Amino acid sequence: MATTRLWPVKSRLDHLVKYVADSLKTVISYTTNDDKTLEKQYLTCLNCSFVDPRSSMENTKNQSFEEDEVDANLAHQIGVEFAKKMWGDRYEVIVTTHLNTDNIHNHFLLNSTSFVDGKRYCNTYNDIQRMRNISDEICKENN
């Protein structure tokens, strides 16, 4: 099943990617510090690698569809269908499907100002829940 999340880009995308990677590295380094955990005696990793939790978490974050779960055509079709259901009646959206990793994944570039009424997309909790529901529905329809 595809994972979903939103990143508001308020500066250059490459700066955002670097910030997320650096933040994760800093937080993990601080929280798993040997001096603070009695040489990792009081460190437990749930559902991620004890040896390298950062890589484990980054792999999960970077994943969209499981490897070989979909081909590029189906992934793109699912992405377009998702964008239409989620934003298609009010916002301009660019849908791209990236094939440059082991996991095919979609990116959505959304103009946050509606072409219908000029109102901004706010990304509320309800929007995030709706996004997950639509994604799950489309993925189930496409096995």
Side-chain angles (χ1 to χ4, degrees), residues 1-114 118-143:
M1 186 83 57
T3 58
T4 56
R5 65 183 175 276
L6 290 176
W7 287 93
V9 178
K10 297 179 181 177
S11 65
R12 288 181 31 191
L13 184 57
D14 59 332
H15 292 180
L16 177 65
V17 171
K18 183 178 182 330
Y19 171 78
V20 170
D22 289 349
S23 295
L24 187 59
K25 179 181 179 180
T26 300
V27 169
I28 289 176
S29 177
Y30 173 79
T31 59
T32 63
N33 181 288
D34 284 347
D35 293 336
K36 296 174 180 150
T37 61
L38 290 179
E39 304 295 321
K40 296 193 178 16
Q41 180 179 348
Y42 292 99
L43 168 64
T44 301
C45 294
L46 301 176
N47 303 315
C48 61
S49 167
F50 181 84
V51 176
D52 189 4
R54 178 177 163 222
S55 291
S56 183
M57 290 181 177
E58 284 177 344
N59 287 338
T60 300
K61 283 186 173 299
N62 292 329
Q63 177 174 306
S64 183
F65 293 102
E66 295 287 331
E67 187 174 353
D68 298 324
E69 183 178 18
V70 296
D71 63 19
N73 290 328
L74 181 56
H76 192 72
Q77 175 189 326
I78 288 170
V80 170
E81 186 177 348
F82 171 82
K84 284 179 180 178
K85 287 185 176 185
M86 187 70 196
W87 305 293
D89 60 341
R90 296 192 65 216
Y91 298 94
E92 298 163 311
V93 183
I94 296 172
V95 180
T96 61
T97 302
H98 285 195
L99 314 174
N100 61 325
T101 65
D102 289 340
N103 301 83
I104 295 173
H105 58 281
N106 293 316
H107 291 267
F108 306 94
L109 179 59
L110 171 73
N111 181 350
S112 61
T113 303
S114 170
K119 292 185 178 177
R120 295 189 57 83
Y121 182 75
C122 294
N123 190 33
T124 65
Y125 174 79
N126 288 337
D127 293 324
I128 293 168
Q129 190 59 51
R130 182 170 173 254
M131 178 176 57
R132 290 177 178 151
N133 292 341
I134 290 171
S135 178
D136 288 351
E137 171 190 318
I138 293 170
C139 286
K140 286 176 185 173
E141 288 171 1
N142 289 277
N143 296 317

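Since this is a predicted model, take the numbers as computed values, not measurements.
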- Item | Distance in Å, N111 CG paired with R90 CZ, rounded so as to fall on 0.5 Å steps | 11.5 Å
- Quick one: does M131's side chain get under 4.5 Å of F82's, heavy atoms only? yes
- Item | Set of side-chain contact (heavy atoms from CB on, under 4.5 Å) partners for T32, sequence neighbours left out | I28, L43
- Task: Applying side-chain contact (heavy atoms from CB on, under 4.5 Å), name anything that partners Q41, two or more places apart in sequence or on another chain.
- Result: L38
Under 3.5 Å, which donor-acceptor pairs do the side chains of residues 70-77 form with other protein atoms, sequence neighbours left out?
| unit_1 | atom_1 | unit_2 | atom_2 | d |
| --- | --- | --- | --- | --- |
| D71 | OD1 | N73 | N | 3.2 |
| D71 | OD1 | L74 | N | 2.8 |
| H76 | ND1 | T97 | OG1 | 2.6 |

- Task: For the pair H107 and H98, name the ring-plane relationship: parallel under 30°, tilted 30 to 60°, perpendicular over 60°.
- Result: tilted
- Note on the structure: To the nearest 0.5 Å, atom CG of D136 lies from atom CD of E141 at 11.0 Å
- What closest approach, in Å, do V95 and A83 show between heavy atoms, and which atom pair accounts for it? CG2-CB, 3.6 Å
- Task: Name all residues meeting the salt bridge (charged side-chain N to carboxylate O under 4.0 Å, His left out) criterion together with D35; count only those two or more places apart in sequence or in a different chain, and write none if there are none.
- Result: none
- In chain order, what residues pass the side-chain contact (heavy atoms from CB on, under 4.5 Å) check against T44, with sequence neighbours excluded? L46
- Message: How close do Y121 and D127 get, counting heavy atoms only, and between which atoms?
- Response: OH-CB, 3.3 Å
- Query: Roughly how far apart are R130 CZ and S135 OG, rounded to 0.5 Å?
  - Reply: 12.5 Å
- Task: Working to the nearest 0.5 Å, report the span between CD of E92 and CG of L110.
- Result: 9.0 Å
- Mind checking whether M86 and N133 have side chains closer than 4.5 Å, heavy atoms only? no
- Item | Test salt bridge (charged side-chain N to carboxylate O under 4.0 Å, His left out) applied to K119 - qualifying residues, sequence neighbours left out | none
- Measure the CD1-NZ distance between I134 and K85 for me, rounded to the nearest 0.5 Å. 7.5 Å
